Amino acid sequence: MLERATIAAGPKELPPLPDAVDGKVVLRLAPYPSGPLHIGNARAFVLNDAYAKKYHGRLLLVFDDTIGSEEKPLLPEAFDQVREGLEWAGVEYQEVLYKSDRIPLHYEWAEKLLSTGEAYVCECDADTLRKNREAMKACVHRIQSVDETIAMWKAMLAGEYAEGEAVVRLKTDMADPNPAFRDRVLFRIAERDHPRVGDRYRVWPMLEFSWAVDDALLGVSHVLRGKDLVMEDQMETRIWDILGIRRRPEFVHFGILRFKDLELSKSRYRKEIAAGHLTGIDDPRTWSLQSLQRRGIRPAALREFVLSFGLSLNDIEVPAETLYAENRKLIDKDANRYFFVADPIAVEITGLPPIEHVKAPLHPDFPGRGHREIPAGPKLHVAQEDFEKFRGKEVRLKDFCNIVLDHRARFVSMGNKDIPKIQWVTHGVNVHLALPDGSESRGLGEPLVASLKVNDVVQFERVGFARIDHVSKAEVRAFFAHR
RNA sequence: GCUCCCGUAGUCUAGUGGCCAAGGAUAGAAGCCUCUCGAGCUUCUGACACGGGUUCAAAUCCCGUCGGGAGCACCA
């Protein structure tokens, strides 16, 4: 009885991966470099990293930088932004590869495939292609000879087709009950420049084909991907069947992860940053890993948060509060306490006995950490919200004294009392607190706040946890993490 | 519409036929503690979508219904 409870409360174990052999697991991470990684990508990279470590295997970072689309362009700086995010998140990979370096391999495989007659070059436009798919109708190109197809392929490579004029399609079955699986496109022509390889290629593989090649060539043992990519399994499998590839990875999926009240999109944030609606890639509204770092979210919190979902195929929607709860567990003990009053209101206390300063603990749970000395006196500031709420009532200025609150406040007594306690500041330093919604809270912090260092995570009492982002003579800037 | 996936408390999850009168986390409530609306401690609220089977026995297997999601791009 007792034993069972202990096990249930113990640390969460990852479910085993099918046919995983310790030391032989090879996993891959396939970010698309259109911007920095954000919290919505976390499930993929945390799980891959966690399993690579669990099985003492290898994790490959393979940039999925095939040419993309007009709507989702590649971004040159995204490669470093992705790596920066992964580094922060504690993801350890042994090798970095680029799809764009592997195009010749993809061509080689394409030619093998075309020569089997199981794929063909199609000249139908996108619209025709879609309509035929709906109607389960094969087009004339499907039945052309292998020789014709090879000739057309060469013509594609030679630049004799313009963008949109020819694609390579896999012969699955135009009557497949799944409309999504009817002769899918494997290669298409894109005349855009690539940030790494420029205009070296104009025929680019689609994700499914490139992975059919690379998962096989790189010896990937397990593919962990979201279940929005299940059809890709079928595509890869079909291609391996045709080419007689025997050694194949296991496919493992996890459900779609969404955040309540959040819509994450790398491409959209890119546009909004460019338009000046967001301050940069670490704007808290992007939920990029960079922004989480800036707010003082610990990578371990993100990891725990993601691992708590396991490998379930459920589609889930979680509130950010769950991540905050995880983070709070980690930072609470480290975060020293300080006073910050937002939108300060000046208050002068009458009848206050002479007093120079008071002492307050840096952290109430760890008295050994020492005290902060706060200059005290009759002239001070309190937060507007507190002022309005408690005006005319007796409150305790925490660690200081009791007063009846007003612009001209009346001193009552010094000793602690069981009445509402509010924070207060004399000789305050300017503090700007950047909030997750992009707004900013301005106010005053107690003098010691000016001696904090960048990256310190503190708790502004009754406000919340924050990371110090910038300290100068004029002001301290901090990013709000959570309550 | 078609194909596939999923359905345990507000949320996330454990559970793979008997040990489940369903465990944990988070959120919520109450109390204690605390010179913070944080943390800690104690207690409480709260779920197997529904209907049929199979079985001695079902949250767990099967069928149906309902609900949610994904895919149906020359994006990833």
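Predicted model, so just to flag it, every value in this text is computed and none were measured. Order of the sequence lines sets the chain letters (A, B, ...), proteins ahead of strands, with each chain counted from 1.
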What does B:G7 pair with, Watson-Crick or G-U, if both distances are under 3.5 Å? B:C66
Can you build the contact string for nucleotides 70-76 of chain B? Use B for base contact, S for sugar-phosphate-only contact, and - for no protein heavy atom under 4.0 Å. SBBBBBB
Which base, if any, makes a Watson-Crick or G-U wobble pair with B:C72, both distances under 3.5 Å? B:G1
N or O in side chain of A:Ser312 less than 4.0 angstrom from B:U13 OP1/OP2: yes
For the student: nearest non-hydrogen atoms of A:Asp64 and A:Ser210, plus distance: OD1-OG, 4.4 Å
Under the 3.5 Å rule, do the base of B:U11 and the side chain of A:Glu321 count as making a donor-acceptor pair? no
At their closest point, which heavy atom of A:Pro299 faces which heavy atom of A:Ala89, and how far apart are they? CB-CA, 4.0 Å
Report the relative orientation of the aromatic rings in A:Tyr324 and A:His482; use parallel for angles under 30°, tilted for 30 to 60°, perpendicular for over 60°. parallel
Taking B:U43 as the reference, what is the distance to B:A58 when you measure between their P atoms (whole Å, please)? 33 Å
For the residue pair A:Arg410 and A:Ile349, what are the closest heavy atoms and their distance? C-CG2, 4.4 Å
Name every residue in residues 74-83 of chain A that has at least one heavy atom under 4.0 Å from any atom of RNA chain B, in order of residue number, or write none if there are no such residues. none
So A:Phe339, base contact, sugar-phosphate only, or nothing? Heavy-atom distance under 4.0 Å. nothing
Spacing of A:Asn336 atom CG relative to B:A39 atom P, expressed in whole Å: 17 Å
Rounded to whole Å, please give me the gap between CG in A:Asp233 and P in B:C4. 15 Å
Mark yes or no for whether A:Glu163, through its side chain, and A:Glu191, through its backbone, hold a donor-acceptor pair below 3.5 Å. yes
When you compare B:U60 with B:C72, how far apart are their C1' atoms, in angstrom units rounded to a whole number? 33 Å
Starting at CG of A:Asp176 and ending at C1' of B:G1, how long is that distance when rounded to a whole Å? 16 Å
Using atom P in both nucleotides, what's the gap between B:U16 and B:C74 to the nearest angstrom? 43 Å
Complement of B:U55, any strand, by Watson-Crick or G-U distances under 3.5 angstrom: none
Could you measure between the two P atoms, the one in B:C44 and the one in B:A49, and give it in whole Å? 25 Å
Residue whose closest nucleotide on RNA chain B lies nearer the 5' end, A:Ile422 versus A:Lys329: A:Lys329
Closest non-hydrogen atom pair, A:Arg337 against A:Gln459: NE-OE1, 3.0 Å
Figure out the CZ/P separation between A:Arg369 and B:A39, and round it to whole Å. 16 Å
So does A:Asn314 get a side-chain nitrogen or oxygen closer than 4.0 Å to the phosphate oxygens (OP1/OP2) of B:C12? no
Using atom types as modelled and distance alone, determine if a side-chain donor or acceptor of A:His194 lies under 3.5 Å from a backbone N or O of A:Ser100. no
Determine the Euclidean distance between corresponding C1' atoms of B:A39 and B:U34; express it in Å to zero decimal places. 9 Å
Which base, if any, makes a Watson-Crick or G-U wobble pair with B:A22, both distances under 3.5 Å? none
Taking the P atom of each, how far is B:A9 from B:A47, in whole Å? 9 Å
Is there a Watson-Crick or G-U wobble partner for B:G40 with both distances under 3.5 Å, and which nucleotide is it? B:C32
Nearest heavy-atom neighbours spanning A:Asn402 and A:Glu394: CB-OE2, 3.6 Å
For A:Pro319, answer base if it contacts any base atom (sugar-phosphate contacts may also be present), sugar-phosphate if it contacts only those atoms, and nothing otherwise; contact means non-hydrogen atoms under 4.0 Å. sugar-phosphate
P gap between B:A27 and B:C62, integer Å: 36 Å
Write down the distance between CE (A:Met136) and C1' (B:G1), rounded to a whole number of angstrom. 11 Å
Taking atom P in both B:G24 and B:C5, compute the distance separating them and give it to the nearest angstrom. 33 Å
Would you say the rings of A:Phe79 and A:Phe63 are close, in the sense that their centroids are separated by under 6.0 Å? yes
A:Phe460 has an atom CZ; how far is it from atom C1' of B:G38, in whole Å? 14 Å
Indicate yes or no for a side-chain donor-acceptor contact from A:Arg169 to the backbone of A:Asp183 under 3.5 Å, with no hydrogens or angles considered. yes
Separation of B:U13 P from A:Glu304 CD (nearest whole Å): 15 Å
Whole angstrom is fine here: how far is it from CG in A:Leu257 over to C1' in B:U13? 14 Å
Looking only at non-hydrogen atoms, find the nearest pair between A:Lys137 and A:Met174 and report the distance. O-CE, 3.2 Å
